[in-house]
Amino acid sequence: MTTPDISTPTPQDTAAARQQERKFLEGPRARTNELKFLLVVLWEFFRGIRTLHFVGPCVSVFGSARVAPGTPFYEQARALGAGLSRLGFTILTGGGPGLMEAANRGAREAGGLSVGLNILLPQEQAPNPYLDKWLTCRYFFVRKVLLVKYSYAFVIMPGGIGTMDEFFEALTLIQTGKIQDFPVVVVGRAYWAPLTALLEQMAQHHTISARDLNLLTYTDSVEEALAHIERHAVERYKLRTRAKPRRRWWLGE
Ligand code: AMP
């Protein structure tokens, strides 16, 4: 086992984490190994909860790790990060490059709080340089829970498999009532058009309810996305007047 602290991961941490996760997912192992794994997961949740307890209401921005600065989607994500910060939200992302970096960068430039939940990946990766706070997670599933737990809205920028995973995690939790129906804003109508068509087809085949289609708001406009989130998250959940968690010195806070 590697030591639990991976805030500055080494290549050995990354390789060890990958090996442990693979072994865990391969099926039953010795019970002591299963127990050790559970303790590492518990520790990861503990660190996540400690890190995020005081960051205030967040919006998670999901999107491609591969989009370069200066491209239209990057600049949109950056403008969204800035606009959401001005609405009073902390920007929460996967902490990586591309559109995650863009949203964190926008938040930083607008004077908002910018947070990243980075992930240990086989290809070594540093957190993007626009983060005020970050945490490096070993496990995608822990990270996904943390991203959802602290968010009052989700912005889905164009992205690949990682983005789809996070998008549908949030959507499944809303569809099944595990979390409230927080706004899910999907940016890039043309990019997402094939997925929109697939969802409509699902509704026609009754594999989803027609009502589920209303869980998503599609737009190409940063202003429209911000207005929607303001109306459906800030006002509805009374975020401006909501009591903040109190710090307890005896917990080292
Ligand atoms: P993708 O759409 O496949 O580029 O994946 C992007 C999404 O998955 C982001 O919202 C991240 O949370 C997660 N993800 C994928 N790759 C990375 C990475 N290199 N660093 C951090 N997060 C990543």
Side-chain angles (χ1 to χ4, degrees), residues 6-11 13-15 17-18 21 44-45 47-48 51-52 55 58-69 71-78 80-81 84 89-108 114-174 182-188 190-196 198 216 225:
I6 49 163
S7 44
T8 47
T10 63
D13 288 330
T14 309
R18 185 174 180 211
E21 191 161 5
E44 189 144 312
F45 271 118
R47 283 169 54 241
T51 304
L52 297 172
V55 298
C58 299
V59 173
S60 275
V61 181
F62 303 135
S64 173
R66 303 170 189 216
V67 171
T71 54
F73 290 143
Y74 186 100
E75 294 311 321
Q76 258 184 328
R78 188 170 166 187
L80 268 163
L84 289 165
F89 287 107
T90 293
I91 303 305
L92 193 52
T93 74
L99 299 180
M100 296 171 265
E101 173 191 298
N104 289 128
R105 183 173 178 179
R108 166 70 67 83
S114 167
V115 179
L117 296 181
N118 203 23
I119 183 87
L120 277 185
L121 292 173
Q123 63 280 20
E124 244 195 292
Q125 167 187 299
N128 74 58
Y130 302 102
L131 300 172
D132 300 311
K133 253 179 190 280
W134 70 90
L135 179 79
T136 303
C137 299
R138 278 190 176 76
Y139 303 115
F140 266 115
F141 65 88
V142 173
R143 191 172 84 133
K144 266 195 299 188
V145 170
L146 295 172
L147 285 165
V148 170
K149 177 170 165 63
Y150 296 93
S151 295
Y152 286 81
F154 302 93
V155 174
I156 319 296
M157 295 298 300
I161 292 170
T163 303
M164 292 286 281
D165 179 38
E166 291 158 345
F167 179 5
F168 278 82
E169 169 85 4
L171 205 51
T172 306
L173 293 173
I174 293 172
F182 297 122
V184 183
V185 178
V186 184
V187 179
Y191 181 86
W192 292 110
L195 182 71
T196 313
L198 179 62
L216 303 175

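Keep in mind it's a predicted model, so treat the numbers as computed, not measured. Counting starts at 1 for both ligands and their atoms, following the listed order.
Under 4.0 Å from ligand 1, not a single heavy atom of Arg66 appears. For Leu121, every heavy-atom contact with ligand 1 shorter than 4.0 Å involves the side chain, none the backbone.
Atom numbering of ligand 1 starts at 1 in the shown order; those under 4.0 Å from a heavy atom of Gly159 are 2 (O). Less than 4.0 angstrom separates some heavy atom of Phe62 from each of these atoms of ligand 1: 10 (O). Which parts of ligand 1 touch Ser64 is read off a 4.0 Å heavy-atom cut-off, strictly below it: atoms 2 (O), 4 (O). Those atoms of ligand 1 that come under 4.0 Å of a heavy atom in Gly96, given as number and element, are 20 (N), 21 (C). Taking every heavy atom of Gly94 and a limit of under 4.0 angstrom, the matching atoms of ligand 1 come to 12 (O), 21 (C), 22 (N).
Every residue two or more places apart in sequence or in another chain was checked for a ring pair (Phe, Tyr, Trp, His ring centres under 6.0 Å) with Phe73, and none qualifies.
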### Query
For Arg143 and Glu166, what are the C-alpha separation, side-chain angles and deciding distance, and is it a salt bridge (Lys or Arg N to Asp or Glu O under 4.0 Å)?
CA-CA 10 Å; Arg143 191 172 84 133; Glu166 291 158 345; 3.2 Å; yes
### Task
Give the intermediate values and the outcome of side-chain contact (heavy atoms from CB on, under 4.5 Å) for residues Leu171 and Leu216.
CA-CA 9 Å; Leu171 205 51; Leu216 303 175; 3.6 Å; yes
### Message
Pair Val115, Ile91 - check side-chain contact (heavy atoms from CB on, under 4.5 Å), show working.
### Response
CA-CA 6 Å; Val115 179; Ile91 303 305; over 6 Å; no
### Task
Would you please test Trp192 and Val187 for side-chain contact (heavy atoms from CB on, under 4.5 Å) and show each step?
CA-CA 8 Å; Trp192 292 110; Val187 179; 5.8 Å; no
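Scanning the protein for heavy atoms near atom 16 (N) of ligand 1, the closest one is Ala65 CB, 3.9 Å. Of the protein's heavy atoms, Gln125 OE1, 2.4 Å lies nearest to atom 19 (N) of ligand 1. In terms of protein heavy atoms, atom 9 (C) of ligand 1 is closest to Glu166 OE1, 3.3 Å. For atom 5 (O) of ligand 1, the nearest non-hydrogen atom of the protein is Gly162 CA, 3.3 Å. Atom 14 (N) of ligand 1 has as its closest protein heavy atom Arg143 NH2, 3.8 Å.
Looking at ligand 1, you won't find any N or O of Val61 less than 3.5 Å from one of its N or O atoms. For Gly160, a nitrogen or oxygen atom sits less than 3.5 Å from a nitrogen or oxygen atom of ligand 1, counting backbone and side chain alike. Geometrically, ligand 1 and Thr163 share a nitrogen or oxygen pair separated by less than 3.5 Å.
Nearest heavy atoms, Thr136 versus Arg47: O-NH2, 3.2 Å. Between Glu44 and Tyr139 the shortest heavy-atom distance is OE2-N, 3.0 Å.
For atom 23 (C) of ligand 1, a protein non-hydrogen atom is found at a distance below 4.0 Å.
The aromatic rings of Phe154 and Phe62 sit parallel, their planes meeting at an angle under 30°, below the 60° perpendicular limit.
Two residues are said to be in side-chain contact when any heavy atoms from C-beta on lie closer than 4.5 Å; Met157 and Leu80 meet this criterion. Two residues are said to be in side-chain contact when any heavy atoms from C-beta on lie closer than 4.5 Å; Cys58 and Ser151 meet this criterion. You'll find the side chain of Leu117 stays beyond 4.5 Å of the side chain of Trp134, heavy atoms only.
The closest approach between a heavy atom of Gly95 and any atom of ligand 1 is not below 4.0 Å. Ligand 1 is never approached by Met164 to a heavy-atom distance shorter than 4.0 Å.
For Asn104 and Thr93, the side-chain atoms include at least one donor-acceptor pair closer than 3.5 Å.
The residue among Ala126, Ala103, Gly63 with a heavy atom at the shortest distance from atom 6 (C) of ligand 1 is Gly63.
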